[in-house]
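Any value given below was found using the heavy atoms of this structure, including those in side chains, with hydrogens, waters and symmetry copies removed. Lettering of chains follows the sequences in order, A, B, ..., and the numbering in each one begins at 1. Quick caveat: nothing in here was measured; it's all calculated off a predicted structure.
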Amino acid sequence: MTDQKPISQEKIPSRGENYSEWYNQLILKSELADYAPVRGCMVVRPYGWALWENIQQALDRRFKATGHVNAAFPLFIPLSFLEKEKEHVKGFSPELAVVTIGGGEKLEEPLVVRPTSETIIGYMYSKWVKSYRDLPILINQWCNVVRWEMRTRMFLRTLEFYWQEGHTAHSTSAEAMEETRRILDIYTRFATDEAAVPVIPGRKSETEKFAGAVSSFTIEGMMGDTKALQSGTSHFLGQNFAKAFNIQFLNESNQLQNAWTTSWGLSTRFIGAIIMTHGDDQGLVMPPRLAPIQIVIVPIARSDEEKARVMPVVEQLRQALAEFRLKVDDRTEVTPGFKFNDWEMRGVPLRIEVGPKDVEKNVITVARRDMPGKAGKSTLGMDQLAPQIAGLLNEIQANMLAKATTFRDAHIHDPRSYDEFKQVVENGWALSWWCGSLECEAKIKEDTRATTRCLPLEQPAGAGHCIVCNQPAHEKAYFAKAY
RNA sequence: CGGAGCGUAGCUCAGCUUGGUUAGAGCACUUGGUUUGGGACCAAGACGUCGCAGGUUCAAAUCCUGUCGCUCCGACCA
C-alpha cells in the first residue's frame, strides 16, 4: 500500500540514516543559510549571521583584551605578491580567483581576490616597521576571503567565507611563538567556554601545516559522526614572510633584523562545528552563550478571555527577562505544538510556556533543549525569575560541554596494533605513537583515509613505538577522517 | 577535476519508457470559519517560461546534443 504520510516541511532526516542530508537540510530549514545562485557560495541568513555576530563578539573581546586592534586591508591583492613566498603560492595557486579585467580594460597585472592576507599585510608591515620600537604589531581583520574549492559544503567549505585573520610581527622568535600559542589558547577557551565545543589543541604535521608557515597549530573538534573538524588555526610563520616582504627593523644594537610573524584565523566554518557537535535528530542545539535567541516564550491561550489573562504575564516576563536574548512567539496561525517543534529545530536553549494553568498557579513551564521531551520540562515560580533562568542557561551550557566531551572521549581510541588502528579510525579517532615520518603518515592516509589531525600539546610521559613501522616514537598524534 | 545521481509550483515528488487537449498530487501559501498545553480541521482560492540553450518533429516536460546548478563518492583544501 502507498499510504505513506506526507512529510511535513519541518521534518529533517535523522543523523543515523544520512548524516550529510541531516546537516544540509537542517541548515536550510533552520534558516541559518541558503544556497546562493553561484556555485559553491552561500547566503548567511539573519539567524546564521546573528550566531556569527555572537561568535565575533566573543572572540573580538578576547583579542582586544590581549592588545590586538582591528583594521581592514584590501580585497584585491596583486598576483605578484602571492608569488613572493614560494611555499605560500604553491599552496594557494590552485584555488585562486583572479581578476584580469577592470572597467572594461585588461589589467596590467592580474589581481587575486584574497584567499588570505599574509602577503598584502606583509607588504604594509614592511612600510610600517623600521625600528624595534615599532614592534610588536598586532592587527586583526574581520573579512571575507575566496578560495576556489572543488567540493563545497555549507559553512564547512564554500568558495567565499567569513573569518577573522590576525597578523602580528615581533622582534624575536620566542615572542612570535608565544603569540601563536596565546591565540591557540584563546581559540581553545572560546570553543570550550562559549561554544561548548570541546577541542584538542595541537601542532599540525609537516604535511598538514599552512602553506608558508614554519609550524601550524590547530584546535580539532569531533563532530557527531566522529569525523574531525579543524576549527581554528594559529601559525608561526618564522621569518618566511618577513624575508619575502622585507619586514626589517633595527634592533637595540643598530643591527638590521627580519621580523618574526604569525597569522591566525577562525572562520564561519565554526558554525558547522556548533551544528555538528551539538545537533540532534530534532535539529540544532545552540549553546546558550552564543545562541541568537536564548529564550523563546510560547503563550498558550485559546479564547480572548484566556489571552487577556496570559498576555499580561508574557509582557511581565519580557520585562523581567530583558537581560536575555528573548523572543515571544505570538503567531496565531500555528499551534503551540508546532511552535515547540519549530524552536527545537532552531536550537533555542530554553522555551517558556505560559498558559492559563500556569497563570492560575503563578508559575511558568520551562523546557530545556538539551534534554528533549518530558525530562527537560519543569515549572518555575515567578520570584527571582531572572537568576533562576540564568542558572538554567548555565546548566544547559555546562551540560552541553559535558555531553560533547563524553561523546568525544568515548570515540578516541588507543589501538594496540596497526590492524586495530585501521578499525578504530572507521568510527572514531586514534591517539597513537607516531615516528613522525612522511612514509608512515602517507601509508595511514592511503590505507584508511584518516589523516594526522594534530600532535596534541598535552603529550603522555615517556616514549613508544610508531603504530605503523614500530620504530621508536617520542610523540603521540591524533589520526581521524576529517572534513 | 574524475565517477555516479538529480533538476517539473515555495518544499517533497508523480508524469518521461511508448511525444498528442488546458501539466498533476500532498505539504506550504492566501481568505473565511472552527481550533490552540507536543507538528489542528473544514471550505474556497492563488501559485509553473517543466534548470537554461540549441536540435529532431505537424507537435517536446517527454527524444537528441550542449550547458549550468545541486547532492553523493574519490583527488585537493579553513
Side-chain angles (χ1 to χ4, degrees), chain A residues 2-13 18-21 23-25 28-29 34-42 91-96 115-116 145-165 187 204 207-211 216 218-220 229-235 263-273 282-283 298-303 306-307 310 329-345 351-359 364-365 367 372-374 376-377 379 445-446 449 451 482-483:
Chain A
T2 56
D3 64 342
Q4 38 181 240
K5 291 227 171 70
I7 298 157
S8 161
Q9 193 181 8
E10 307 306 328
K11 283 263 195 299
I12 53 167
N18 191 340
Y19 199 81
S20 303
E21 264 309 290
Y23 178 81
N24 290 332
Q25 292 201 27
L28 295 175
K29 288 177 176 164
D34 201 353
Y35 289 105
V38 180
R39 180 192 79 84
C41 292
M42 70 191 294
F92 280 105
S93 59
E95 50 188 58
L96 292 180
T116 178
V145 289
V146 167
R147 297 179 188 179
W148 214 263
E149 300 291 347
M150 289 303 147
R151 200 169 155 196
T152 59
R153 300 204 55 193
M154 286 212 269
F155 291 115
L156 301 177
R157 183 170 299 104
T158 44
L159 297 198
E160 180 188 20
F161 60 92
Y162 302 87
W163 73 346
Q164 57 67 217
E165 49 177 326
Y187 287 159
K204 280 289 180 190
T207 45
E208 298 281 333
K209 77 179 187 193
F210 176 75
S216 288
T218 174
I219 50 170
E220 296 284 323
L229 184 73
Q230 177 174 312
S231 306
T233 46
S234 184
H235 311 291
S263 69
W264 27 277
L266 186 145
S267 75
T268 37
R269 171 182 261 195
F270 200 89
I271 291 177
Q282 321 309 318
V298 178
I300 295 153
R302 297 181 194 79
S303 59
E306 283 183 350
K307 268 184 201 134
V310 166
D329 187 352
D330 52 8
R331 286 179 290 177
T332 53
E333 68 273 18
V334 287
T335 60
F338 180 92
K339 293 177 186 175
F340 297 169
N341 288 284
D342 197 35
W343 292 112
E344 277 168 15
M345 184 198 54
R351 179 178 74 240
I352 297 179
E353 303 169 20
V354 192
K357 288 183 235 165
D358 302 298
V359 173
I364 54 169
T365 301
K374 278 215 176 75
K377 278 209 192 192
T379 55
K445 189 171 179 185
E446 195 178 323
R449 286 171 44 219
T451 52
Y483 277 100

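As judged by a 4.0 angstrom heavy-atom cut-off over every strand, A:L229 is placed among residues making no nucleic acid contact. Within 4.0 Å (heavy atoms only), A:G40 reaches sugar-phosphate atoms of the nucleic acid but no base atom. Within the nucleic acid shown, A:N24 comes within 4.0 Å of sugar-phosphate atoms alone, with no base atom in reach, counting heavy atoms only. Residue A:G265 is out of contact with every strand shown, counting any heavy-atom pair closer than 4.0 Å. Using a 4.0 Å heavy-atom distance criterion, A:S267 is classed as a base contact. Here A:K357 lies in heavy-atom contact (under 4.0 Å) with a base. When heavy atoms are screened at a 4.0 angstrom cut-off, A:R153 is found touching the sugar-phosphate backbone but no base atom. Within the 4.0 angstrom heavy-atom criterion, only backbone atoms of the sugar-phosphate kind lie near A:Q230; the bases stay farther away. Nucleic acid contact class of A:T207 (heavy atoms, under 4.0 Å, all strands): none. Among the atoms of the strands shown, none is found under 4.0 Å from any heavy atom of A:P94. Within 4.0 Å (heavy atoms only), A:E306 reaches no atom of the nucleic acid at all.
Nucleotide B:C76 forms a pair with no other nucleotide shown, judged by Watson-Crick or G-U wobble geometry with both contacts under 3.5 Å. When both pairing distances are held under 3.5 Å, B:A59 makes no Watson-Crick or G-U pair with any nucleotide shown. When both distances must be under 3.5 Å, the Watson-Crick or G-U wobble mate of B:C70 is B:G5. Summarising the base pairing, B:G39 is matched to no nucleotide, lacking a Watson-Crick or G-U wobble pair whose two defining distances lie under 3.5 Å. Nucleotide B:U22 has no partner under the Watson-Crick or G-U criteria, as no pair reaches both atom distances under 3.5 Å. Across all strands shown, B:G45 pairs with B:C29; the Watson-Crick or G-U wobble distances both stay below 3.5 Å. In this structure, B:A14 forms no base pair with any nucleotide, since neither Watson-Crick nor G-U wobble geometry is met with both distances under 3.5 Å.
Both A:F210 and A:E353 sit near RNA chain B, but only A:E353 has its closest nucleotide nearer the 5' end.
Among the nucleotides B:U36, B:G38, B:A78, the one closest to the side chain of A:T158 is B:A78. Nearest nucleotide to the side chain of A:R151, out of B:C73, B:A75, B:G39: B:C73. Side-chain proximity of A:E21 to B:A75, B:G38, B:U71: nearest is B:U71. Listed nucleotides: B:C70, B:G37, B:G38. Nearest to the side chain of A:R39: B:C70. The side chain of A:M150 has B:C1 as its nearest neighbour among B:G38, B:C1, B:A78.
Comment: A:E149 does not engage A:R39 in a salt bridge, judged by the lack of any side-chain N to carboxylate O separation of less than 4.0 angstrom. Between A:R351 and A:D329, none of the side-chain N atoms (NZ, or NE/NH1/NH2) sits under 4.0 Å from a carboxylate O, so this pair counts as no salt bridge.
Rounded to whole Å, the separation between the P atoms of B:G20 and B:U31 comes to 39 Å. Using atom P as the reference point in both B:A9 and B:A4, the two lie 26 Å apart (nearest Å). B:C16 and B:C64 have their C1' atoms separated by 14 Å, with the value rounded to a whole Å. As rounded to the nearest Å, B:A61 and B:C50 have P atoms that lie 7 Å from one another. Comparing B:C52 with B:U8, their P atoms are spaced 10 Å from each other, to the whole Å. Nucleotides B:C72 and B:A40 have their C1' atoms positioned 37 Å apart, rounded to a whole Å. With both ends at atom P, the span from B:A23 to B:C47 equals 13 Å, rounded to whole Å. Taking atom C1' on both nucleotides, B:U22 is separated from B:G48 by 13 Å, rounded to a whole Å.
Closest heavy-atom contact between A:A273 and A:S231: CB-OG, 4.2 Å. Annotation for A:E353 and A:D358: closest pair O-OD2, 3.5 Å, computed over non-hydrogen atoms. Nearest approach of A:V310 to A:V354, heavy atoms of both residues: CG1-O, 3.5 Å.
Residue A:K445 places at least one side-chain N or O under 4.0 Å from the OP1 or OP2 atom of B:C76. Residue A:Y35 places at least one side-chain N or O closer than 4.0 Å to OP1 or OP2 of B:U71. Side-chain N/O atoms of A:T335 include none lying less than 4.0 angstrom from OP1 or OP2 on B:G39.
Side chain to side chain, A:E160 and A:T158 fail the donor-acceptor criterion of an N or O pair below 3.5 Å. A:S216 and A:H235 share a donor-acceptor pair across their side chains, judged by distance under 3.5 Å alone.
Regarding A:L28, its CG atom lies at a distance of 18 Å from the P atom of B:G69, rounded to whole Å. Atom CG of A:D330 and atom P of B:U36 are 19 Å apart (whole Å). What separates CG of A:L159 from C1' of B:C1 is a distance of 14 Å, to the nearest Å. Whole-Å rounding puts the A:N18 CG to B:C6 P distance at 17 Å. Between the C1' atom of B:A78 and the NZ atom of A:K209 lies a distance of 17 Å, rounded to the nearest Å. For the pair A:I219 CD1 and B:A78 P, the computed distance is 14 Å after rounding to whole Å. Rounding to whole angstrom units, CE of residue A:M154 and C1' of B:G69 are separated by 14 Å. Between A:I352 atom CD1 and B:G37 atom P the separation is 19 Å, expressed in whole Å.
The base of B:G37 sits within donor-acceptor range of the side chain of A:D358, with an N or O pair under 3.5 Å. At a cut-off of 3.5 angstrom, the base of B:G37 holds no donor-acceptor pair with the side chain of A:K377. Residue-to-nucleotide contacts include no donor-acceptor pair under 3.5 Å from the side chain of A:R302 to the base of B:G37. Under 3.5 Å, the side chain of A:T365 and the base of B:G37 form at least one donor-acceptor pair of N or O atoms.
Ring centroids of A:F270 and A:Y187 are separated by 6.0 Å or more, keeping the two rings apart.
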Problem set entry | Full working for salt bridge (Lys or Arg N to Asp or Glu O under 4.0 Å) between A:K204 and A:E220 | CA-CA 10 Å; A:K204 280 289 180 190; A:E220 296 284 323; 2.9 Å; yes

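Side-chain contact check for A:T335 versus A:F340: every heavy-atom pair is 4.5 Å or farther apart.
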